[in-house]
Amino acid sequence: MIWNENKECMSREDMRALQGKRLHKIVTYVYHNVPFYRKKLQERDIRPDDIQSIDDIVRLPFTTKQDLRDNYPFGLQAAPQSEIVRIHASSGTTGNPTIVGYTRKDIGVWSECMSRCLTAYGVSRNDTFSVAYGYGLFTGGLGAHYGVENIGAAVLPASIGNTEKHLHLIRDLGVSGIACTPSYALYLAETMKRMGITKEQIRLRVGAFGAEPWTEEMRREIEDKLGLKAYNLYGLSEIMGPCVSYECPRQQGSHINEDHFFPEIVDPETLEPVDAGTVGELVFTTLTKEGMPILRYRTRDLCSILPGTCSCGRTSLRMGHIMGRTDDMLIIRGINVFPSQVESVVLSMKEFAPRYLLVVDRIGNLDTLQVQVELRQEYFDENFDTIATFQELEKRLADRLKSVLSLTAKVNLKSPGTLARSLGKDSHVIDHRKQY
Ligand code: DLL
């Protein structure tokens, strides 16, 4: 099923024309309402009427997270405060949080885009759908919630925490869909096992997972443990929240809601557009947003735009899996390492649970990488008495990591259940070098 055929299946030509028209309008709007953008455009000697087609986007300035922080709290807001009906704030580890205000129309666009995602996952008004992203300043909970209501399904606003009660409800109410982070999905599966609830006793059919990077291996793990089909859901608060892109049943990339969020992929160093299919930094321009429109926002997410069209009938561009973030990338002894590379290796080996932590340090002048990884309960129980088996396993993992990362990592096996669990976004890295 397709929620909005008119937009999701529009011809490429019509879509580009629509994007061009909307870009002109949004540039005019920010020029007159956001001094930050007016100044930037004037510095480049650009008047709104110079921007007539979507190809003109390359003339516009980029916006960064730092710009948002520097203009905290409302410097980039274009709509008057009286038009703002919701404010979200994204947490950052350093500096001011990012504040994003939404008008009533923005909330409508958000629900519309989220409805497209849910419909692509096969969710309908006949479903009971649990939203287990955090409700509150984070966009996950409320963002998904409004979409579920909009398509007429029954929403269970579970939020995070209270996991055992949530699982009882999933079982007793016959909940058929769930939205949460992939790591929370695994935590649910673990808790389910502890409580003695089997996947046959629940009716979960569909999961909408995102807010953090995850791999194909992780998808299989979640599908197997919860007995559902796992779909990708991507978004970021600066642009809207969950709903920016979504997988269809073909699961070959995530369709972008391009009539609202225009994507570009650029080289993070030169900021020049990369060739089609090449991995680079994802950049979005909001084409219709009123509260806080944003031009060429550098997401720091690394991915590519997939070539070709999807056989599902949607014509919108598709982005590949997020491979990491430019600020996620560790440089260890000069070698670029993404946590997702380690995740793929760990999950390709049946001995390990999907729980790992990269600990980076500097000893003397040498960077060190330690990979802590949890053993699966069954494997641990079977081999409990044989230290040699664990040593052999440690070596096997270290060898595989070396061949993938071109870097020697020290492997540290952990007993089941010993690495910290996260209910929201999981962080897989501790970098002690930051203290030096
Ligand atoms: O995480 C919005 C969201 C909520 C998306 C629920 C999907 C589901 P932020 O907190 O602003 O917003 O974080 C945005 O999270 O730039 C990516 O690095 C990462 N991210 C979000 N979705 C995915 C995904 C929400 N499906 C940042 N795959 C983004 C990989 C994701 N990374």
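Note that ligands are numbered from 1 as they come in the structure, with each ligand's atoms numbered from 1 the same way.
- For atom 10 (O) of ligand 1, the closest non-hydrogen atom on the protein side is Lys425 NZ, 3.1 Å.
- For the residue pair Thr63 and Tyr37, a side-chain donor N or O sits within less than 3.5 Å of a side-chain acceptor on the partner.
- The salt bridge (Lys or Arg N to Asp or Glu O under 4.0 Å) pairs that include a residue from residues 106-115 are Glu112-Arg116, where partners are two or more places apart or lie in different chains.
- Remark: Arg86 CZ to Arg104 CZ distance equals 10.5 Å, nearest 0.5 Å.
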With a 3.5 Å cut-off and sequence neighbours excluded, list the donor-acceptor pairs that the side chains of residues 139-148 form with protein atoms.
{"unit_1": "His145", "atom_1": "ND1", "unit_2": "Tyr135", "atom_2": "OH", "d": "2.8"}
{"unit_1": "His145", "atom_1": "NE2", "unit_2": "Glu149", "atom_2": "OE2", "d": "3.0"}

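- For ligand 1, the atoms sitting less than 4.0 Å from at least one non-hydrogen atom of Ser237 are 9 (P), 11 (O), 12 (O), numbered in the order shown with element in parentheses.
- Residue Pro242 places no N or O, backbone or side chain, under 3.5 Å from any N or O of ligand 1.
- For ligand 1, the polar-atom distance check finds an N/O of Ala211 within less than 3.5 Å of one of the ligand's N/O atoms.
- Remark: ligand 1 and Arg325 share an N or O pair separated by less than 3.5 Å (distance only, no angle test).
- A donor-acceptor pair shorter than 3.5 Å cannot be found between the side chains of Thr278 and Asp275.
- Of the charged side-chain nitrogens involved, at least one lies within less than 4.0 Å of a carboxylate oxygen, so that Lys65 and Glu238 count as a salt-bridged pair.
- With Asp367 as reference, Arg433 is the one residue of Arg333, Arg433, Lys410 to meet the salt bridge (charged side-chain N to carboxylate O under 4.0 Å, His left out) rule.
- Within ligand 1, the atoms closer than 4.0 Å to a non-hydrogen atom of Phe138 are 1 (O), 4 (C), 10 (O), 25 (C), numbered from 1 in the order shown.
- Atoms of ligand 1 lying under 4.0 Å from any heavy atom of Gly210, numbered from 1 in the order shown and given with element: 7 (C), 8 (C), 26 (N).
- When only non-hydrogen protein atoms are considered, atom 16 (O) of ligand 1 lies nearest to Asp301 OD2, 2.6 Å.
- Atoms of ligand 1 found under 4.0 Å from any heavy atom of Ile322, numbered from 1 in the order shown, are 28 (N), 30 (C), 32 (N).
- For ligand 1, the atoms closer than 4.0 angstrom to any heavy atom of Leu233 are 7 (C), 8 (C), 22 (N), 24 (C), 26 (N).
- Donor-acceptor pairing under 3.5 Å is recorded for the side chains of Ser183 and Glu212.
- In Leu236, the parts holding a heavy atom less than 4.0 Å from any atom of ligand 1 are both the side chain and the backbone.
- None of Arg16, Arg314, Arg12, Arg318 except one satisfies the salt bridge (charged side-chain N to carboxylate O under 4.0 Å, His left out) rule with Glu258; the exception is Arg12.
- No side-chain donor from either of Thr286 and His260 sits under 3.5 Å from a side-chain acceptor of the other.
- The proximity of Arg300 to ligand 1, defined as any non-hydrogen pair under 4.0 Å, does not occur for either the backbone or the side chain.
- Nearest protein heavy-atom contact of atom 25 (C) of ligand 1 is Gly235 O, 3.6 Å.
- Taking only non-hydrogen atoms, the option from Met319, Glu212, His321, Glu238 nearest to atom 30 (C) of ligand 1 is Glu212.
- Close contacts of ligand 1 with Gly140, meaning ligand atoms under 4.0 Å from a residue heavy atom, involve 4 (C), 6 (C).
- The shortest N or O to N or O distance between Tyr133 and ligand 1 is not under 3.5 Å.
- If you check the side chains of Gln251 and Tyr231, you find no donor sitting under 3.5 Å from an acceptor.
- Any N or O atom pair closer than 3.5 Å counts here, and Ser90 shares no such pair with ligand 1.
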